[in-house]
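All values derive from a computational prediction rather than experimental measurement.
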Amino acid sequence: LPTSYGMMICYDAKTGEKYWEKDFGTPTYASPILVGDNVYQLDKKGIMHVFKADKSYVSVSESPLGEGSVCTPAFAAGKILIRGDKHLYCISN
């Protein structure tokens with residue numbers, strides 16, 4: 001569960017037990033996206049936080065886009081589409 005002030009909090013959906021919280025230090029307006037075992041969260045500064053969907057916080061990567069964004073990325077056909085403040089990006093292998 002992301003907050004607009006930059007905190008990501010993970011709860012058990014059935015019991016409400018809080019597993020962990022992580023302060024990214026930057027507000028986020030985008031929704032988190034689950035792809036496989038990883039959660040992708042884009043913050044307002046344009047940093048893509050990738051972490052494991054698990055009971056403890058495990059960072060996979062943090063990648064800067066190079067500009068801010070308040071939009072939720074789209075995943076399709078092996079590509080990530082991201083609307084930044086000034087540009088539209090398509091990232092693939």
Side-chain angles (χ1 to χ4, degrees):
L1 172 70
T3 65
S4 61
Y5 53 87
M7 186 72 75
M8 179 66 71
I9 305 169
C10 179
Y11 293 98
D12 182 300
K14 290 182 182 177
T15 67
E17 176 187 357
K18 181 166 65 170
Y19 291 137
W20 55 263
E21 62 182 59
K22 172 72 175 166
D23 186 358
F24 291 146
T26 301
T28 180
Y29 298 143
S31 297
I33 304 290
L34 178 65
V35 179
D37 294 333
N38 294 328
V39 177
Y40 291 73
Q41 179 65 58
L42 185 63
D43 71 24
K44 194 172 176 185
K45 286 186 179 178
I47 297 175
M48 180 72 79
H49 303 271
V50 183
F51 52 91
K52 292 289 180 189
D54 206 342
K55 290 183 177 183
S56 59
Y57 179 81
V58 177
S59 177
V60 174
S61 68
E62 291 186 355
S63 303
L65 184 61
E67 67 181 85
S69 178
V70 294
C71 300
T72 300
F75 290 75
K79 297 178 175 121
I80 305 172
L81 300 165
I82 303 171
R83 190 178 111 199
D85 289 340
K86 298 180 182 179
H87 300 91
L88 177 63
Y89 297 89
C90 179
I91 301 168
S92 68
N93 289 337

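Between Trp20 and Phe51, the ring planes are perpendicular. Angles over 60° get that label, and only those under 30° would be called parallel.
Between the Thr72 side chain and the Ser31 main chain, a donor and an acceptor come within less than 3.5 Å of each other. With hydrogens and angles ignored, the 3.5 Å screen pairs no side-chain donor or acceptor of Ser61 with any backbone N or O of Ser63. In terms of modelled atom types and a separation under 3.5 Å, the side chain of Ser56 and the main chain of Tyr19 share no donor-acceptor contact. Counting only distance, with no hydrogens or angles, the side chain of Ser69 and the backbone of Gly46 share no donor-acceptor pair below 3.5 Å.
Here Glu21 pairs with Met7, Ile9, Lys18 under the side-chain contact (heavy atoms from CB on, under 4.5 Å) rule; sequence neighbours left out.
Under the 4.5 Å side-chain heavy-atom criterion for grouping Ile, Leu, Val, Met, Phe, Trp and Tyr, Ile47 is not connected to Ile91 through any hydrophobic cluster. Cluster membership check: Val39 does not share its hydrophobic cluster with Val35, using side-chain heavy-atom separations under 4.5 Å among Ile, Leu, Val, Met, Phe, Trp and Tyr. Hydrophobic clustering (ILVMFWY, side-chain heavy atoms < 4.5 Å, transitive): Met8 and Tyr57 are in one cluster. If you chain together hydrophobic residues whose side chains sit under 4.5 Å apart, Phe24 and Tyr40 never meet in one group. In the hydrophobic cluster analysis, where Ile, Leu, Val, Met, Phe, Trp and Tyr join through side-chain heavy atoms closer than 4.5 angstrom, Ile80 is grouped together with Leu42.
Of the inter-residue distances, the one linking Asp43 atom CG with Tyr29 atom OH reads 11.5 Å to the nearest 0.5 angstrom. Atom CG of Asp85 and atom SG of Cys71 lie 8.0 Å apart (nearest 0.5 Å). With values rounded to the nearest 0.5 angstrom, Ile33 atom CD1 is found 13.0 Å from Asn38 atom CG.
Around atom CG of Asp23, more than 12 heavy atoms belonging to other residues, nucleotides or ligands sit under 6.0 Å away.
By the 4.5 Å heavy-atom criterion applied to side chains, Glu67 and Tyr89 are counted as neighbours. Counting heavy atoms from C-beta on, the side chains of Glu62 and Val50 never come closer than 4.5 Å. By the 4.5 Å heavy-atom criterion applied to side chains, Met48 and Ile82 are counted as neighbours.
The shortest heavy-atom contact between Gln41 and Ala30 is NE2-O, 2.9 Å. Closest approach of Thr26 to Lys44, counting heavy atoms only: CG2-N, 4.0 Å.
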